[in-house]
Enquirer: 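The structure under discussion is supplied below as structure tokens; questions concerning it will follow.
Proteins come first, then strands; the chains are lettered A, B, ... in the order of their sequence lines, and each starts at number 1.
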There are 2 protein chains.
Amino acid sequence: MASDIFSALADPTRRKILEMLADYDELPASEIHNQFQVSPQAISQHLKILREANLVHVEKRAQQRIYRINTEAMVQLEQWSQSMRQRWSRRLDALEAVLKAEMRKNANAQNEQEESE
Amino acid sequence: MASDIFSALADPTRRKILEMLADYDELPASEIHNQFQVSPQAISQHLKILREANLVHVEKRAQQRIYRINTEAMVQLEQWSQSMRQRWSRRLDALEAVLKAEMRKNANAQNEQEESE
DNA sequence: TGTTTTATAAAGTAAATACTTAATTAAAAA
DNA sequence: TTTTTAATTAAGTATTTACTTTATAAAACA
């Protein structure tokens, strides 16, 4: 996992930037900035963090910097939540196995009792 | 989305706590603390943040506080990444439609040319 | 009851974060 | 070539964060 995807996603401005990029594919920094009330420098700093987390790609086009979302990095986020689910269900499977074993044991005990009656 | 799930997940200690809870279902604060090098107070503060983000549940048991993961909140994280994927693919679908329309147009142009030949 | 266990709350601090303004870079246009 | 456009980097600042130590709470145990 690219070191701090989660820190990068912690900021609502950066999440909104990613959502914009998911909707529009490619956007120059200036257009991203238009959607917010803060300075272009502030947005540039957010974009730098998104770049460093490998959540976006940049391409130079004349004076512009064109940003795109990096879907691979987004996949990593999904993988983390999936791995959480797997840990969770692996535990549930183990619990289920124990419960089934318990049920068999009870069923056997029941049978033995019936046989002795 | 319970306001700052993402901020709660930004800290590696808190993510590790969640992973522990995913593996072990229920754990008292003291056992969680055992896995880390920081003070119990520091862990208590992390647990508070996880509680406020609704990522965990607590149950009092004698002096202990028993923590469990709240799977509903984890689902919200998956929903966000899924919604990102949806935005992304909705855009791809639209692009595909445009491309298909282009192809039809070209095919028609081709036909008309053949007819005139 | 007084003491121990388990945990949290409160107060203080160093480092990180999200902004600002000022300065710099580099391509395009006049 | 000078100016404009688009964006970044640098420097400074207020707030937030992640810890610490100290103090408090509440159940269990002697």
Enquirer: Looking at A:H46, does any N or O in its side chain come under 4.0 Å of the phosphate oxygens OP1/OP2 on C:dC19?
Expert: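 So the side-chain polar atoms of A:H46 do come within 4.0 Å of the phosphate oxygens OP1 or OP2 of C:dC19, strictly under.
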Enquirer: Find which nucleotide of DNA chain C each of A:D11 and B:P40 is nearest to by heavy atoms, and output the residue with the more 5' nucleotide.
Expert: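 Result: B:P40.
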Enquirer: Taking B:R65 for the side chain and B:P28 for the main chain, is one N or O donor matched with an acceptor at less than 3.5 Å?
Expert: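 No, because the side chain of B:R65 does not come within donor-acceptor range (under 3.5 Å) of the backbone of B:P28.
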Enquirer: Tell me, please, which residues at least two apart from B:S89 pass side chain to side chain contact (heavy atoms under 4.5 Å, CB included).
Expert: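 Side chain to side chain contact (heavy atoms under 4.5 Å, CB included) list for B:S89, sorted by chain: empty.
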Enquirer: What is the nucleic acid contact for A:H33, judged by heavy atoms within less than 4.0 Å: base, sugar-phosphate only, or nothing?
Expert: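 Here A:H33 touches no strand at all.
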Enquirer: Touch check for B:R61, heavy atoms < 4.0 angstrom, all strands: base, sugar-phosphate only, or nothing?
Expert: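 Nothing: the residue B:R61, judged by heavy atoms under 4.0 Å, touches no strand.
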Enquirer: Measure the distance from CD1 on B:I43 to C1' on C:dT6 and round it to the nearest whole Å.
Expert: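 Atom-to-atom, B:I43 to C:dT6, this comes out as 14 Å.
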Enquirer: Let me know the distance between CD1 of A:I49 and C1' of D:dT8, rounded to the nearest Å.
Expert: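 It is 14 Å, rounded to the nearest whole Å.
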Enquirer: Are B:L9 and B:L18 close enough, and set up right, to give a side chain to side chain contact (heavy atoms under 4.5 Å, CB included), and what steps lead you there?
Expert: CA-CA 9 Å; B:L9 293 173; B:L18 287 176; 3.4 Å; yes
Enquirer: Going by the rule side chain to side chain contact (heavy atoms under 4.5 Å, CB included), which residues pair with A:N70 if we only count those two or more places apart in sequence or in a different chain?
Expert: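 Residues passing side chain to side chain contact (heavy atoms under 4.5 Å, CB included) with A:N70: A:N54, A:H57, A:E72, A:A73.
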Enquirer: Checking side chain to side chain contact (heavy atoms under 4.5 Å, CB included) for the pair A:W88/B:M74: CA distance, chi angles, key distance, verdict?
Expert: CA-CA 11 Å; A:W88 174 261; B:M74 293 304 301; over 6 Å; no
Enquirer: Partners of B:S44 by side chain to side chain contact (heavy atoms under 4.5 Å, CB included), sequence neighbours excluded?
Expert: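 B:S44 satisfies side chain to side chain contact (heavy atoms under 4.5 Å, CB included) with no other residue.
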Enquirer: Using a cut-off of strictly less than 4.0 Å between a heavy atom of the residue and any atom of DNA chain C, enumerate the qualifying residues of residues 17-27 of chain B by number.
Expert: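 Listed by number, there are none.
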Enquirer: Figure out the CG/C1' separation between B:L9 and D:dT17, and round it to whole Å.
Expert: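 Rounding to the nearest Å, CG of B:L9 and C1' of D:dT17 are 16 Å apart.
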Enquirer: So, B:E78 versus A:W80: side-chain donor-acceptor pair below 3.5 Å or not?
Expert: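 Distance-only check fails for B:E78 and A:W80.
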Enquirer: Look only at the side chain of B:D4 and the backbone of B:F6, and say whether a donor-acceptor pair between them is shorter than 3.5 Å.
Expert: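 No, the answer is negative, given that no donor and acceptor are paired below the 3.5 Å cut-off.
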Enquirer: Could you state the atom-to-atom distance from CD of A:Q64 to P of C:dA28 in whole Å?
Expert: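 It works out to 11 Å between those atoms.
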Enquirer: Rounded off to whole Å, could you give me the CG-to-P distance for the A:D4 and D:dA18 pair?
Expert: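 Spelled out: CG on A:D4 to P on D:dA18 is 13 Å.
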Enquirer: Across nucleotides 21-30 of chain D, 5' to 3', mark each nucleotide with B, S or - according to how protein heavy atoms within less than 4.0 Å reach it.
Expert: BB----BS--
Enquirer: Measure the distance from CG on B:L50 to P on D:dT17 and round it to the nearest whole Å.
Expert: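 B:L50 atom CG is separated from D:dT17 atom P by 14 Å.
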Enquirer: Starting from the 5' end of DNA chain C, give me the residue, B:S44 or A:R14, whose nearest nucleotide shows up first.
Expert: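 So the residue in question is B:S44.
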Enquirer: For B:Y67, report the nucleic acid contact type (base, sugar-phosphate, nothing); a contact means any heavy atom under 4.0 Å.
Expert: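 Here B:Y67 touches the backbone only, sparing every base.
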Enquirer: Tell me, which pairs form a side chain to side chain donor-acceptor pair (under 3.5 Å) where one or both residues lie in residues 22-36 of chain B, sequence neighbours left out?
Expert: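 Sorted pair list: A:R87-B:D23, B:D25-B:R68, B:E26-B:R61, B:E26-B:R68.
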